[in-house]
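Report on one structure; see the data block that follows.
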Amino acid sequence: MTVLVNPRALRDHKARHFKMLIGGEWVSASADPIERVAPSHGVVVSSFQAGSKADAERAISAARNAFDTGPWSRMTGSERSRILLKAADLIAARSEELAYLDAIEAGKPISQVKGEIAGSVDIWRYAAALARDLHGESYNTLGEATLGVVLREAIGVVSIITPWNFPFLIVGQKLPFALAAGCTTVVKPSELTSGSTLVLGEILQEAGVPDGVVNIVTGTGPEVGAVMTSHPQVDMVSFTGSTGVGKLTMTNAAQTLKKVSLELGGKNPQIVFPDADLEAFIDAAVFGAYFNAGECCNAGSRLILHKSIAKDVVSRVSELARGVKVGDPLDPTTKVGAMITPQHLEKVAAYIAGAKDKGVEVAHGGETLDLGMGQFMAPTILSGVTPDMAVAREEVFGPVLSVLTFETTAEAVEIANSVDYGLSAGVWSRDFDTCLTIGRKVRAGTVWMNTFMDGASELPFGGYKQSGLGRELGRHSVEDYTETKTLNMHIGARTGWWMPQAADRRG
Ligand code: NDP
């Protein structure tokens, strides 16, 4: 089902012109700004500063100075927590504006983004709570002469690089935890969707985050991001995006041995057994594959179905997919919005064409959609896919579901684990043993059982294999932005290796 794009919706929209935030000042770059054309309506909706290497260096220097001199890095956890809670309240107060920006810049359905902003508010509040609970360890078990204290210290300056698919949500999975730990930051949003992150900069200033603690530099990855991942004054890089740029990030960071946290791609399977609640699964299959137009690292892009149910499931998933509303992101009933760029739409269409060439059957969709303006892709189901094909192995990042089949549990596990990625997986069965067997054998950072793509601020998120390094969210997420320091304390007179015995010295 399609929702035609309303040509009037953005006709009177005045493009919003954003500046960058460096050292507490809103500044312009010297180059011409980057204009963002709404992927749904084809009009310029925002313009961002095209930051340069020098801008990135100034931002890093501001963050370094703020970290080294305080006050943020020296505040009590309670003070930082109070400011993060204020930020959460201000995000909630401006949620309509933030949702609208992400909807028009990324082409995301407005009702979906509102949910993402609400989820983000919860994450900021969770990080605020953790700010007060960051602590180390003490060892009183090392003998009478020794007391060991392990401190958790903020790691320092953190570069945060985010993609376009969840512009506000993803920065919220990194920044509040880095801030809770007492770090200072340089943030680079995607050049396509920087608006909501820049509004966040205003919010953080209003909440009381001191100058230089959060710097936001817009511009391209090769210009701004490359400096942020290699500069010697940066202590850690937290990156979300493609596996290719993730590897480049690690290579750059290795030159100065920075800590690196990476959230990368996925090719996530949903494994379905004949005894599953198929009614519930069919909905989760459609949701998993088409949520955010499949432009989602967590997309359930592979169905691994028991052979005995495959035909029935494909027909029922196709039936439900037919009813999914694709179209104008600003229509509150839309479920699937626009594809991010015309080039990306072409890339997704090429994957489908390649699969067809290999004899795969298109059970549903398979074509780009003309909705009057913008770029859209029909929810697509490819059946008869085999594990060696590109659509079974590579991250398509579009609304494309590949269907594979299995006969034994061992075979299902083998297919699930046969790709380079290991971000998440789903298993569907009413048998507890089956769910746990799959849950323990599939190499993925999250395994959903009889559900898909649920989440909570308390639950860690991240990937095995080439899906990434480290975890976000969860109670250890603030610790990721710290170093440990050991204080090894001696009590009483010390006896030495070459020194005379303490008793002799005392005479
Ligand atoms: P990228 O990995 O290129 O972009 C992610 C972020 O990294 C952006 O802010 C980008 O900047 C930045 N970046 C790009 N090059 C560099 C660099 N040399 N140094 C530092 N930072 C850099 O993803 P794309 O947007 O190009 O998407 C391509 C594919 O990546 C998608 O088709 C999808 O498969 C995957 N992807 C996965 C995501 C995930 O959530 N795991 C998210 C997005 C994409 P800028 O784009 O502004 O130049």
Side-chain angles (χ1 to χ4, degrees), residues 20 34 36 39 46 48-51 53 56 60 105-106 108 116 159-171 173-174 186-195 197-198 216-231 234 237-253 255 258 260-268 291-299 301 339-351 377 390-391 393-400 419-424 445 453 461-463 465-470 472:
M20 305 184 285
I34 298 168
R36 177 58 180 153
S46 304
F48 311 120
Q49 302 301 316
K53 288 191 173 68
I60 291 166
E105 290 175 10
K108 295 159 76 79
E116 288 168 23
S159 286
I160 293 178
I161 300 177
T162 58
W164 42 259
N165 54 343
F166 293 91
F168 197 77
L169 192 61
I170 289 177
V171 72
Q173 291 180 185
K174 302 172 184 295
V186 179
V187 181
K188 192 202 91 62
S190 163
E191 73 186 82
L192 303 172
T193 55
S194 304
T197 302
L198 291 160
I216 304 171
V217 185
T218 48
T220 68
E223 183 77 15
V224 175
V227 177
M228 290 169 61
T229 53
S230 56
H231 198 287
V234 171
V237 183
S238 177
F239 171 87
T240 297
S242 61
T243 293
V245 178
K247 288 177 184 173
L248 185 65
T249 294
M250 210 166 161
T251 307
N252 286 347
Q255 305 317 307
K258 299 182 198 318
V260 174
S261 165
L262 303 170
E263 296 299 338
L264 309 174
K267 191 72 196 175
N268 313 298
F291 172 73
N292 212 50
E295 293 172 336
C296 179
C297 51
N298 254 335
S301 53
M339 303 298 290
I340 192 76
T341 56
Q343 298 78 4
H344 186 61
L345 180 71
E346 269 174 37
K347 179 178 148 189
V348 174
Y351 268 111
M377 168 62 77
V391 285
R393 312 189 67 77
E394 294 170 22
E395 187 177 49
V396 174
F397 231 57
V400 180
V419 298
D420 291 336
Y421 296 109
L423 189 57
S424 59
M453 236 193 294
F461 167 64
K465 301 195 276 182
Q466 295 190 32
S467 285
L469 206 60
E472 297 188 327

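Remember, predicted model here, so these are calculated numbers, not experimental data. Whatever order the structure lists them in is the order used to number ligands and atoms, beginning at 1.
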Pairs under 3.5 Å, nitrogen or oxygen of ligand 1 with protein nitrogen or oxygen:
{"from": "ligand 1", "atom 1": "2 (O)", "to": "Ser242", "atom 2": "N", "distance (Å)": "2.8"}
{"from": "ligand 1", "atom 1": "2 (O)", "to": "Ser242", "atom 2": "OG", "distance (Å)": "2.6"}
{"from": "ligand 1", "atom 1": "9 (O)", "to": "Thr162", "atom 2": "O", "distance (Å)": "2.8"}
{"from": "ligand 1", "atom 1": "9 (O)", "to": "Lys188", "atom 2": "NZ", "distance (Å)": "3.2"}
{"from": "ligand 1", "atom 1": "11 (O)", "to": "Lys188", "atom 2": "NZ", "distance (Å)": "3.0"}
{"from": "ligand 1", "atom 1": "11 (O)", "to": "Gly221", "atom 2": "N", "distance (Å)": "3.4"}
{"from": "ligand 1", "atom 1": "25 (O)", "to": "Trp164", "atom 2": "NE1", "distance (Å)": "2.5"}
{"from": "ligand 1", "atom 1": "32 (O)", "to": "Lys347", "atom 2": "NZ", "distance (Å)": "2.8"}
{"from": "ligand 1", "atom 1": "34 (O)", "to": "Glu395", "atom 2": "OE1", "distance (Å)": "2.8"}
{"from": "ligand 1", "atom 1": "40 (O)", "to": "Asn165", "atom 2": "ND2", "distance (Å)": "3.3"}
{"from": "ligand 1", "atom 1": "41 (N)", "to": "Gly241", "atom 2": "O", "distance (Å)": "3.3"}
{"from": "ligand 1", "atom 1": "41 (N)", "to": "Leu264", "atom 2": "O", "distance (Å)": "2.8"}
{"from": "ligand 1", "atom 1": "47 (O)", "to": "Lys188", "atom 2": "NZ", "distance (Å)": "2.9"}
{"from": "ligand 1", "atom 1": "47 (O)", "to": "Glu191", "atom 2": "N", "distance (Å)": "2.7"}
{"from": "ligand 1", "atom 1": "47 (O)", "to": "Glu191", "atom 2": "OE1", "distance (Å)": "3.3"}
{"from": "ligand 1", "atom 1": "48 (O)", "to": "Glu191", "atom 2": "OE1", "distance (Å)": "2.9"}
{"from": "ligand 1", "atom 1": "48 (O)", "to": "Gly221", "atom 2": "N", "distance (Å)": "2.8"}

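- Side chains of Lys174 and Ser261: a donor-acceptor N/O pair is absent below 3.5 angstrom, by distance only.
- Here Gln173 pairs with Glu472 under the side chain to side chain donor-acceptor pair (under 3.5 Å) rule; sequence neighbours left out.
- For the salt bridge (charged side-chain N to carboxylate O under 4.0 Å, His left out) test, no residue two or more places apart in sequence or in another chain qualifies with Lys188.
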Run Tyr421 and Glu395 through side chain to side chain donor-acceptor pair (under 3.5 Å) and show every step you take. CA-CA 9 Å; Tyr421 296 109; Glu395 187 177 49; 4.7 Å; no

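- Contact between Phe461 and Glu263 at its shortest, heavy atoms only, is O-OE2, 3.3 Å.
- Every residue was checked against the side chain to side chain donor-acceptor pair (under 3.5 Å) condition with Ser190, not counting sequence neighbours, and none meets it.
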